[in-house]
Amino acid sequence: MRHRVTRLDELESLVRLSDSERAGVVGRSPQFSFAATPYYVSLFGGPACPVRRQAIPVRDELVQLHTDLRDPLAEEEHSPVEILSHRYPDRALLYVTHNCPVYCRHCTRQRKVGDAASAPGSSELAAAIDYLHRTPSIRDVLISGGDPLSLSDSRLAAICRQLRAVPSVEILRLCTRNPVTLPQRITSQLVDALRIYHPIYVNTHFNHPRECTPEAALALDRLADAGFAVGNQMVLLRGINDDAATVIELNRWLLRHRCRPYYMFQCDPVGGTAHLRTSIARGLEILDRLRGTFSGLGIPAFAVDLPGGGGKVTLTPDRLVSEHEGRYVFRDHRGREFTYHEPPEVVQAEKFASHDDPR
Ligand code: SF4
């Protein structure tokens, strides 16, 4: 983390920047820093490289659409205390740091990340823990940020210990991009310090096969060996990973390293990301290809997190062609039609149920 590249002159000593990248680094919003670990920079190819495009701002990042939002998921409206967001009855999101090894240009929380001055302190954490004690409906806490692994092992362990002391909290989820951006952070000491607080699920965020290095593989293997359940949440990004072959290659590698592809997200409408966003139709097309050609184990849910705080909706390609009297006609991934017949007694029971329905 101390060796992160954060200044234009440092970056230019390592990478030959395009005019667009130079304009992006210089002109980017002061609230959204630029930073990348030397490891992540070592994966960069030319300006079109899918890793480089996630990390280096370009001129297009300066474009703001009138439909862009500062806080697309309305997380701040759902914050009963400063560092906790509570939108669903059984889950809460805890922001423990605003630092990250790499500031991903598509980040939904770009309003917060990189602002070291806004880093939560002990009193904010105490208020959040107190809220969890007072709200027993919350069973699942997502430890997020920023990237929580930017904190020291002892600080993270202390947070997990305080969360585990809340009787109603059953599951901890650690949301981190460190396996991708700084895989050396996943040390034996780290996993030993945290495994005593299991069950801990780790949500990570690989977006492209070029991020699938031996170092990243070691990080995932180490987490899985220590009993963490690891899942991947990719974000669909235009020209970076918005094609089925790339998604399949990525997900195959993830499965080999015991990381389950969990979500494929539509990129949130946050300012400066229009050039990275792809169409929802494209996401459905990719999912359709995956459904026919790839094991179900490697097929993520395709989700749109509704702007304004409506929560996630998952989308699936429409495979139902028609339905009449228990006769369902479906289309497979090649466009062929197949019929499923319900037993007559099920059809009759459904009819009676709908007649009895007072609505
Ligand atoms: S690691 Fe996560 S929180 Fe940090 S910049 Fe990337 S997407 Fe945002």
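Read the numbers this way: they start at 1 and go in the same order the structure lists the ligands and their atoms.
When the options Thr204, Asp147, Thr181 are evaluated for a side chain to side chain donor-acceptor pair (under 3.5 Å) with Thr176, the one that passes is Asp147.
Inside a 4.0 Å radius of atom 3 (S) of ligand 1 there is at least one protein heavy atom.
Take a cut-off of 2.8 Å around atom 6 (Fe) of ligand 1: the protein N, O or S atoms inside it are Cys104 SG.
Salt-bridge annotation for Asp225 and Arg258: present, with a side-chain N of the basic residue lying under 4.0 Å from a carboxylate O of the acidic one.
Two residues are said to be in side-chain contact when any heavy atoms from C-beta on lie closer than 4.5 Å; Val230 and Arg260 fail this criterion.
With sequence neighbours left out, Phe265 forms a ring pair (Phe, Tyr, Trp, His ring centres under 6.0 Å) with Tyr263.
Stacking of Arg4 on the aromatic ring of Tyr40 is not recorded, the 6.0 Å distance cut-off and the 45° axial limit not both being met.
The ring of His106 has its center no closer than 6.0 angstrom to the ring center of His275.
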